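A short write-up of the structure that comes next.
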Amino acid sequence: MNYQQWLQQAEQQLKKTAEYDPYLNPKADANLLLQAVTKRSKSAIFAFGEMSLTDQELELLKPLLMRRVQGEPMAYILGEKEFWSLPLAVSTATLIPRPDTERLVEIALEEANKRLDSGKKLRILDLGTGTGAIALALASELQERAEIIGVDKQPEAVELAENNRQKLAFSNVNFLQSDWFDSLKNQSFDLIVSNPPYIDENDENLSQGDVRFEPLTALVAGQNGIADLQKIIENAPLYLNKNGVLLLEHGWKQAEQVRNLFKQNQWDNPETVQDYGGNDRVTKAVWTK
């Protein structure tokens, strides 16, 4: 069987799944699987469509294609996902980095740049770091002008984030195991960022698409999805320098609740920013006390 024939066959199998799973892109997914196994680029596969697959390549492709037919996310199948143009290893112990979270990085960079004029090195905390995506994206942009710490409760996530850091060779970011702020006694930061769990345990979207395969501990929070957001808002002032900023990603229907939590806890100027799809996605506030 050659490249072209395998792609046609795989695309037909994936189309059957795509009828009830809109997250599948049969043609693109089949091509990515073939690229991963043959170690050839998309253009090379197109140019050499008549090239025959080896028996070994066919055997490797079978289970990968079946996993995708069953709906497993491409990021988990390939073990990698790009975020902020950085290639990041991913695993089922962490969420898959999403483009919407790049909006959080953009806003954090805007706030960081406002504070760089003082000449001192910024200290930034990423709560619930997962793959390290947010912390590493900030590290790539700020370089030695910032010292960044990413924390996660799950040791597997911390290990994965550290592996990503080493692969990217960033020296301005460190990862620690911590249940939110528990391991950060006597530390203070200029910016705190977080994409915490914020989905209600009864949300019907938990049974659809990629989230079916992602860890519930990184998705679901109590109090209809608001519990972790509230905990961070209540405790962050103990770890922020004066005029420090907290930036939180949240669900598109939670913006008003999050702003109210900021106000109830004496934060100044809570403001919500939309994601690329026009949905309320990130709320930030300043601690001036």
Side-chain angles (χ1 to χ4, degrees), residues 83-84 94-95 97-112 114-115 122-138 146 148-153 157 178-182 184 187-200 203 217-241 243-289:
F83 180 86
W84 202 261
T94 65
L95 289 184
R98 287 170 168 76
D100 282 340
T101 302
E102 292 189 354
R103 191 73 181 103
L104 175 60
V105 174
E106 288 178 351
I107 301 161
L109 286 171
E110 289 172 6
E111 293 296 333
K114 290 177 188 175
R115 291 161 172 76
L122 291 179
R123 297 199 80 230
I124 301 175
L125 173 64
D126 175 22
L127 289 169
T129 196
T131 60
I134 296 169
L136 292 166
L138 293 172
I148 302 165
I149 293 178
V151 301
D152 202 287
K153 183 179 180 180
S178 180
D179 186 358
W180 299 127
F181 298 99
D182 286 356
L184 299 168
Q187 296 204 48
S188 61
F189 302 88
D190 301 294
L191 270 73
I192 298 177
V193 299
S194 184
N195 176 19
Y198 54 74
I199 299 177
D200 183 346
D203 192 314
T217 53
L219 292 165
V220 172
Q223 297 171 227
N224 300 316
I226 212 77
D228 288 323
L229 290 160
Q230 180 173 343
K231 185 172 185 178
I232 294 170
I233 290 169
E234 290 175 349
N235 288 279
L238 298 171
Y239 302 88
L240 269 176
N241 296 323
N243 295 321
V245 180
L246 173 61
L247 304 99
L248 295 172
E249 182 172 335
H250 51 72
W252 65 280
K253 293 182 178 179
Q254 294 173 323
E256 185 175 358
Q257 274 182 292
V258 173
R259 287 195 301 272
N260 287 338
L261 283 171
F262 272 121
K263 291 173 186 175
Q264 291 163 17
N265 287 276
Q266 312 304 310
W267 290 79
D268 291 322
N269 306 319
E271 177 187 351
T272 298
V273 183
Q274 294 180 325
D275 61 23
Y276 306 126
N279 299 307
D280 289 340
R281 185 60 62 192
V282 176
T283 295
K284 62 178 181 176
V286 182
W287 186 255
T288 60
K289 310 295 186 291

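Just so you know, residue 1 is the first one in the sequence shown, and it goes up from there. Not measured: the values here are computed from a predicted model.
- Heavy atoms only, all atoms of each residue included: A146 and I124 are closest at CB-CD1, 4.2 Å.
- Between the side chain of N279 and the backbone N or O of R281 there is no donor-acceptor pair closer than 3.5 Å.
- A donor-acceptor contact shorter than 3.5 Å is absent between the side chain of D100 and the backbone of D275.
- Of the residues T283, D280, T272, the one that meets the side chain to side chain donor-acceptor pair (under 3.5 Å) test with R259 is T272.
- Note that the CG atom of L229 and the CD atom of Q223 stand 10.0 Å from one another [nearest 0.5 Å].
- With Q274 contributing its side chain and G278 its backbone, the two residues share a donor-acceptor pair below 3.5 Å.
- Between atom NE2 of residue H250 and atom OH of residue Y198 there is a gap of 8.5 Å, rounded to the nearest 0.5 Å.
- Scanning all heavy atoms of the two residues, the minimum distance from I232 to S194 falls at CD1-OG, 3.7 Å.
- Annotation: the span from Q230 atom CD to N260 atom CG amounts to 11.5 Å, rounded to 0.5 Å.
- Partners of N241 according to the side chain to side chain contact (heavy atoms under 4.5 Å, CB included) rule, which considers only residues two or more places apart in sequence or in another chain, are K120, S188, D190.
- A salt bridge links E106 to R103: at least one charged side-chain nitrogen sits closer than 4.0 Å to a carboxylate oxygen.
- N235 places a side-chain N or O within donor-acceptor distance of the main-chain N or O of K231, the cut-off being under 3.5 Å.
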*For L125 and V193, run side chain to side chain contact (heavy atoms under 4.5 Å, CB included): C-alpha distance rounded to whole Å, both residues' side-chain angles, the deciding distance at 0.1 Å, then the answer.*
CA-CA 6 Å; L125 173 64; V193 299; over 6 Å; no

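- Counting heavy atoms from C-beta outward, P99 and F83 have side chains that stay 4.5 Å or more apart.
- A cation-pi contact links K289 to W287, judged by a cut-off of 6.0 Å to the six-membered ring centre and 45° from its axis.
- Closest of all the heavy-atom pairs between L240 and L246 is CD1-N, 4.4 Å.
- In terms of heavy atoms, P197 sits closest to W180 at CD-CH2, 3.9 Å.
- For the atom pair Q266 CD and E234 CD, the distance stands at 12.0 Å (nearest 0.5 Å).
- Between R123 and L191, every side-chain heavy-atom pair lies at or beyond the 4.5 Å cut-off.
- Around the CD atom of Q187, the shell of radius 6.0 Å holds more than 12 heavy atoms that belong to other residues, nucleotides or ligands.
- The residues E111 and K114 are annotated as salt-bridged, a charged nitrogen and a carboxylate oxygen being separated by less than 4.0 angstrom.
- Relative ring orientation between Y239 and F181 is described as parallel, the plane-to-plane angle staying below 30° on a 0-90° scale split at 30° and 60°.
- In summary, the side chains of E249 and T101 do present a donor paired with an acceptor at a separation below 3.5 Å, with no hydrogens or angles considered.
- Contact annotation: the side chain of I226 approaches that of V258 to within less than 4.5 Å [non-hydrogen atoms, C-beta and beyond].
- In this structure, CD1 on I134 lies 11.0 Å from CD1 on I148, to the nearest 0.5 angstrom.
- In this structure, the side chains of I149 and D126 stay at 4.5 Å or more apart for every pair of heavy atoms.
- With a 4.5 Å cut-off on side-chain heavy atoms, L127 and I192 count as touching.
- Taking both residues in full, the closest heavy atoms of D182 and S178 are given as N-OG, 3.3 Å, listed atom of the first, atom of the second, then distance.
- Here the closest heavy-atom approach between residue P270 and residue F262 is recorded as CB-CB, 3.9 Å.
- In this structure, I233 and L248 have side chains that are in contact, with non-hydrogen atoms separated by less than 4.5 Å.
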*Passes side-chain hydrogen bond (donor to acceptor under 3.5 Å, both in side chains), T131 versus T94? Steps please.*
CA-CA 6 Å; T131 60; T94 65; 5.5 Å; no

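- A donor-acceptor pair shorter than 3.5 Å can be found between the side chains of T288 and D268.
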_Test side chain to side chain contact (heavy atoms under 4.5 Å, CB included) applied to V151 and L184, step by step_ = CA-CA 9 Å; V151 301; L184 299 168; 4.2 Å; yes

*asked:* Evaluate R115 against V245 for side chain to side chain contact (heavy atoms under 4.5 Å, CB included), listing each step before the verdict.
replied: CA-CA 10 Å; R115 291 161 172 76; V245 180; 2.8 Å; yes

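- Rounding to the nearest 0.5 Å gives a distance of 11.0 Å between CD of E256 and CG of L261.
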